[in-house]
*Asks:* 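Input: one structure, supplied below.
In this chain, numbering begins with 1 at the start of the sequence shown. What you are looking at is a predicted structure, and each value in this text was computed from that prediction instead of being measured.
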Amino acid sequence: MSRRNKRKSNETTPKHFRGQADYKSAFSAAVTEFIATNRANPIPRHERMVMIAALTDEYVASTGERPDVVELERLADAVLYEELTDQNPHKIAHTEYPFMSETQLSLRRDREVSLWVAKELDQDGVDRKPKKRRMRSKHEHAFMDRTVKSRNKERLRKHRAAMTPGPVITYNLRDN
């Protein structure tokens, strides 16, 4: 039997995992069950790795293809369960090869002082570089023109009223 015929016969045979035709969701359920079991009662790492290898080998043997990347990543997280669930804030300093969960990694990124801070701020944390004014948009210029012109008219009216000479009142001090 040639390879070509063998491939065709594999493609026509239905794929099953643990007796279910929807083999991908069945494998996903098996992974979810394994993770839940490990969380409830942590299995030693060596045994966990053997169980994961057996589960993936069973999937490959029954379907003839590799598991989805998402499921393999979930299984890899199950292998690193202790490191990913360690909430010690000093594990980076205390562990030779630390692992961070997604939450810890995002918190670390948020707390990091970015490089621009080091470039732009002095030792007191004050930005000493000259400030640049932004350019106004056409709409902002039009608005400013309308409001400034109306304010200028009002100012001019008040200025003229204040500077207009009124009636001159003269006093003679000797008349008293």
Side-chain angles (χ1 to χ4, degrees), residues 22-43 45 48-49 52 56 59 65-176:
D22 188 8
Y23 57 95
K24 290 188 179 191
S25 64
F27 183 70
S28 178
V31 170
T32 303
E33 180 184 341
F34 176 77
I35 291 171
T37 303
N38 187 42
R39 284 185 182 163
N41 187 14
I43 305 165
R45 180 171 301 182
R48 208 176 327 146
M49 291 173 69
I52 288 171
T56 55
Y59 181 82
E65 59 185 50
R66 292 183 193 176
D68 288 339
V69 175
V70 174
E71 300 305 327
L72 291 176
E73 187 172 337
R74 290 177 62 205
L75 289 171
D77 288 347
V79 170
L80 301 172
Y81 177 73
E82 290 85 5
E83 286 83 2
L84 293 175
T85 57
D86 183 10
Q87 295 298 319
N88 182 2
H90 305 294
K91 73 178 180 180
I92 302 299
H94 295 203
T95 310
E96 188 173 359
Y97 298 106
F99 286 89
M100 289 188 284
S101 65
E102 292 293 327
T103 308
Q104 291 170 331
L105 190 60
S106 66
L107 282 173
R108 184 179 179 128
R109 285 186 187 137
D110 291 345
R111 278 189 246 147
E112 277 183 354
V113 177
S114 62
L115 192 57
W116 77 266
V117 172
K119 285 182 186 176
E120 306 297 335
L121 301 183
D122 64 358
Q123 290 179 349
D124 299 331
V126 179
D127 188 4
R128 305 277 186 207
K129 71 177 182 181
K131 304 295 182 204
K132 293 182 183 177
R133 296 183 74 178
R134 70 175 181 85
M135 296 296 293
R136 288 186 181 139
S137 68
K138 290 179 184 178
H139 300 291
E140 289 173 322
H141 277 297
F143 175 77
M144 293 300 292
D145 288 345
R146 285 191 306 270
T147 56
V148 168
K149 283 180 184 176
S150 64
R151 274 190 262 142
N152 284 345
K153 288 178 185 176
E154 181 65 23
R155 285 184 192 142
L156 182 62
R157 187 187 61 75
K158 287 181 180 178
H159 177 71
R160 283 188 179 151
M163 293 296 148
T164 304
V168 177
I169 300 173
T170 57
Y171 295 99
N172 192 349
L173 295 176
R174 291 188 192 171
D175 289 342
N176 289 341

*Asks:* Quick one: CD1 on Ile35 to CD on Glu71, what's the gap to the nearest 0.5 Å?
*Replies:*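 CD of Glu71 is found 7.5 Å from CD1 of Ile35.
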*Asks:* Distance from Glu33 atom CD to Asn38 atom CG, nearest 0.5 Å?
*Replies:*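 The CD atom of Glu33 sits 12.5 Å away from the CG atom of Asn38.
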*Asks:* If I compare all heavy atoms of Arg45 with all of Val79, which pair ends up nearest, and what's the gap?
*Replies:*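 Closest approach of Arg45 to Val79, heavy atoms only: NE-O, 3.5 Å.
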*Asks:* Applying side chain to side chain contact (heavy atoms under 4.5 Å, CB included) to Arg155 and Arg151, what does each step give before you reach the verdict?
*Replies:* CA-CA 6 Å; Arg155 285 184 192 142; Arg151 274 190 262 142; 4.1 Å; yes
*Asks:* Closest approach of Lys24 and Tyr59, non-hydrogen atoms and distance?
*Replies:*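 Shortest heavy-atom contact: CG-OH, 3.8 Å.
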*Asks:* Just wondering, are more than 12 heavy atoms of other shown residues or ligands nearer than 6.0 Å to CD in Glu140?
*Replies:*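 Yes, enclosed.
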*Asks:* Heavy-atom count around Glu82 CD within 6.0 Å, excluding the residue itself: above 12?
*Replies:*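 Buried by this count: over 12 neighbours within 6.0 Å.
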*Asks:* If we ignore hydrogens and angles and just use 3.5 Å, is the side chain of Asp86 paired with the main-chain N or O of Asn88 as donor and acceptor?
*Replies:*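 Yes; at least one donor-acceptor contact below 3.5 Å.
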*Asks:* Would you check, one step at a time, whether the test side chain to side chain contact (heavy atoms under 4.5 Å, CB included) holds for Phe34 with Leu75?
*Replies:* CA-CA 9 Å; Phe34 176 77; Leu75 289 171; 4.2 Å; yes
*Asks:* Identify the two heavy atoms, one from Ala78 and one from Ile52, that lie closest to each other, and give their separation to 0.1 Å.
*Replies:*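 Of all heavy-atom pairs spanning Ala78 and Ile52, the closest is CB-CD1, 4.3 Å.
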*Asks:* State the CG-CG distance between Asp77 and Leu72, to the nearest 0.5 angstrom.
*Replies:*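 Rounded to the nearest 0.5 Å, the CG-CG separation comes to 11.0 Å.
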*Asks:* Is it true that Glu154 and Arg157 make a salt bridge, defined as a side-chain N closer than 4.0 Å to a carboxylate O?
*Replies:*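 A salt bridge links Glu154 with Arg157.
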*Asks:* With a 6.0 Å cut-off (strictly less than), is the heavy-atom count around CZ of Arg66, excluding the residue itself, greater than 12?
*Replies:*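 Incorrect, the count does not exceed 12.
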*Asks:* Check the pair Thr56, Phe27 against side chain to side chain contact (heavy atoms under 4.5 Å, CB included), reporting the backbone distance first and the verdict last.
*Replies:* CA-CA 9 Å; Thr56 55; Phe27 183 70; 4.2 Å; yes
*Asks:* Kindly give the heavy-atom pair with the smallest separation between Arg48 and Ile43, and that separation in Å.
*Replies:*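 So the two residues come closest at NH2-O, 2.8 Å.
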